[in-house]
Every structure is written in structure tokens, then in C-alpha cells.
Amino acid sequence: QRNVGAPRAGFEWHSDQSYKPVPALGTLLYGVECPPVGANTEFASMYAAYEALPVAMKARIETRRGVHDYAWAWRTYYKDRAPLTEEETRRLPPVLHPLVRAHPETGRKALYLSEGLTRTIEGMDEAEGRALVLELNDFATQPRFVYSHEWRAGDLVFWDNRCLLHRATPADASYRRVMQRTMVQDDGRPGIPLPASA
């Protein structure tokens with residue numbers, strides 16, 4: 001057997017296309033062939049995580065913005081792959097998104113950051129900002145906020161990237177796993193592109 005598509009993709013918590021000025025609103029994933037065990041997809045409620053944050057932390061992050069950086073994520077998590085070209089890096093510069101966003105449909109506040117794509121926090125020392133990203137990510141992905149979907153052939157899952165994180169879990173390579181994915185583009189307010197030097 002051989003991999004079709006990107007091997008070991010999506011194992012870090014993330015929200016699809018958060019590295020774009022206008023991220024994906026939602027994602028649909030359909031299970032064509034699924035292993036009998038393993039290869040679950042985990043989802044973390046960023047509504048529940050935000051609501052459970054201590055008051056002091058809410059105040060600390062209320063007006064902060066995360067730096068979502070695809071090129072950094074590629075260098076950090078995919079060292080076994082060919083580096084991005086200059087053109088690919090140029091097309092996907094880092095962008096800023098608020099750490100706390102009000103959902104445009106529900107009005108509920110949710111965290112918006114992830115270990116996988118949020119490099120650091122605007123206006124903070126790089127290492128200090130990264131540490132805070134990881135602290136918030138770890139808080140948000142506690143078992144009490146997480147649902148793990150056990151895939152069966154024919155399952156179709158549609159999730160809202162504006163209030164959920166998700167990640168893949170390892171699959172047993174002795175089984176075939178075939179998934180089909182599509183994303184729904186948002187038409188909401190875009191994030192703020194950073195200067196090329198960021």
C-alpha cells in the first residue's frame with residue numbers, strides 16, 4: 001500500500017485554513033473506507049473552553065490577536081517534506097485573528113487559536129506568545145471539552161471551524177483508510193495580513 005495525499009497530516013490541533021485572511025467556515029469529511037479501530041477525529045469545543053477560562057485570563061486575552069502562520073507550521077511540523085517554495089511562502093503570509101471571537105450566527109464567544117497554526121501572539125515576545133498559545137490550547141483540549149469520532153464507512157461529519165478545533169489520530173497502516181473532504185468558504189470579515197517580514 002502507499003499513501004495518497006499527505007501522510008501524517010493534521011495531527012496537531014487546528015482550525016482549517018486559519019492561516020488565511022478568510023478561513024474556512026466549515027469542513028465536511030466523508031468516510032469511504034475506515035479502519036475497524038483507530039484513526040478517530042477529535043473535536044474540541046472552543047465555546048466551552050472560553051466559557052471555562054478564569055476571569056483573569058479572559059481579561060488578559062480579550063483584545064489580543066494570534067499570528068496564524070502556514071509557512072512556520074510547515075517548517076515546524078513537516079520537516080520530512082520538501083520545503084515550501086518562495087512563491088508558496090509569498091502567497092501565504094502570516095495573518096492576525098482575534099484570540100476571542102464572537103460567532104456571527106450564535107453571538108457566543110469562542111477561543112480562536114491552535115497549537116498547529118498559531119505561531120505566537122501579536123505584541124508579545126515570540127517565545128512568551130508561543131507559550132501562551134500552548135497554555136490556552138492545552139486548556140481548550142482537556143477531555144471534558146473533547147469529542148472523539150470513531151469513523152465507520154458512510155459517516156459524514158460537518159463541523160464549524162469558527163468554534164471548534166480538531167485533529168487526526170494515527171491509523172493502523174495495515175488497513176486502508178479513504179476519506180473525502182471539502183470545505184465551505186466563509187464570507188465574513190477577513191483577518192488582517194501581516195507585513196512580509198513578520
Side-chain angles (χ1 to χ4, degrees), residues 8-29 39-70 72-74 76-78 94-151 157-170 181 183-184 186 188-189 191-192:
R8 206 201 157 280
F11 281 4
E12 291 74 36
W13 290 103
H14 64 286
S15 178
D16 285 336
Q17 298 185 342
S18 73
Y19 53 83
K20 291 187 173 183
V22 181
L25 179 155
T27 302
L28 297 94
L29 194 59
N40 293 0
T41 300
E42 297 181 336
F43 300 91
S45 171
M46 301 301 267
Y47 283 148
Y50 174 76
E51 290 162 4
L53 281 174
V55 171
M57 180 60 82
K58 288 181 180 177
R60 181 182 178 190
I61 66 173
E62 190 70 26
T63 60
R64 292 283 191 180
R65 295 185 295 188
V67 179
H68 296 246
D69 189 340
Y70 183 82
W72 164 84
W74 188 274
T76 302
Y77 295 112
Y78 302 119
V95 297
L96 297 172
H97 294 295
L99 293 182
V100 180
R101 303 199 314 175
H103 194 286
E105 307 298 331
T106 67
R108 288 176 68 186
K109 289 184 177 180
L111 286 175
Y112 193 72
L113 63 108
S114 69
E115 65 171 329
L117 290 168
T118 312
R119 189 187 82 219
T120 189
I121 295 173
E122 180 193 31
M124 297 180 69
D125 171 81
E126 184 83 9
E128 181 186 6
R130 180 63 181 165
L132 182 54
V133 167
L134 294 177
E135 179 183 350
L136 290 166
N137 183 95
D138 289 349
F139 181 88
T141 57
Q142 297 175 72
R144 60 179 168 146
F145 303 133
V146 172
Y147 163 70
S148 183
H149 186 74
E150 299 179 9
W151 288 95
V157 177
F158 177 35
W159 66 86
D160 189 335
N161 285 296
R162 298 169 296 182
C163 57
L164 288 174
L165 289 183
H166 66 283
R167 69 174 178 182
T169 60
R181 183 185 73 160
M183 285 182 276
V184 179
D186 199 347
R189 182 179 178 186
I192 302 167

(request) Identify the two heavy atoms, one from Phe139 and one from Ala49, that lie closest to each other, and give their separation to 0.1 Å. (result) CE2-O, 3.3 Å
(message) Given 3.5 Å as the limit, does a donor-acceptor pair link the side chain of Arg130 with the main chain of Thr118, or not?
(response) yes
(request) Measure the shortest side-chain to side-chain distance between Val95 and Lys20 over non-hydrogen atoms and say whether it is less than 4.5 angstrom. (result) no
(message) Please find the pair of heavy atoms, one from Val67 and one from Ile121, that lie closest to each other, and give the distance.
(response) CG2-C, 4.3 Å
(message) Closer than 3.5 angstrom, by distance alone: can the side chain of Asn40 be matched with the main-chain N or O of Ser148 as a donor-acceptor pair?
(response) no
(message) Between Val157 and His166, is there a side-chain heavy-atom distance shorter than 4.5 Å?
(response) no
(request) State, with a plain yes or no, whether a side-chain heavy atom of Ser45 is found less than 4.5 Å away from one of Tyr147. (result) no
(message) Looking at Trp13, is its backbone amide N or carbonyl O close enough to the side chain of Glu115 to form a donor-acceptor pair, meaning the two atoms are under 3.5 Å apart?
(response) yes
(request) Show the numbers, then the answer: is there a side-chain contact (heavy atoms from CB on, under 4.5 Å) between Arg60 and Leu132? (result) CA-CA 11 Å; Arg60 181 182 178 190; Leu132 182 54; 3.8 Å; yes
(message) Checking side chain to side chain contact (heavy atoms under 4.5 Å, CB included) between Phe158 and each of Val184, Thr27, Leu29, which is the one that passes?
(response) Val184
(message) Other residues, nucleotides and ligands only: do more than 12 of their heavy atoms fall within 6.0 Å of CZ on Arg144?
(response) yes
(request) Determine the minimum heavy-atom distance between Phe11 and Pro170, stating which atoms define it. (result) CZ-CA, 3.8 Å
(request) Give a yes or no answer on whether the side chain of His97 reaches the backbone of Ser18 with a donor-acceptor pair at less than 3.5 Å. (result) yes
(message) So does Asn161 get a backbone contact from the side chain of Ser15, meaning a donor-acceptor N/O pair under 3.5 Å?
(response) yes
(request) Looking only at non-hydrogen atoms, find the nearest pair between Arg162 and Pro104 and report the distance. (result) NH1-CG, 3.4 Å
(request) Write down the atom of Trp72, the atom of Gly116, and the distance for their closest heavy-atom approach. (result) CZ3-O, 3.7 Å
(request) Would you give the length of the straight line joining atom CG of Asn137 to atom CG of Leu111, rounded to the nearest 0.5 angstrom? (result) 9.5 Å
(request) Look at the rings of Trp74 and Tyr70 and say which category their plane angle falls in: under 30° parallel, 30 to 60° tilted, over 60° perpendicular. (result) tilted
(request) State, with a plain yes or no, whether a side-chain heavy atom of Tyr50 is found less than 4.5 Å away from one of Lys58. (result) yes
(message) In the structure I gave you, are the side-chain heavy atoms of His14 and Tyr19 within less than 4.5 Å of one another anywhere?
(response) no
(message) With heavy-atom distances below 4.5 Å as the criterion, would you say the side chains of Glu51 and Arg108 are in contact?
(response) yes
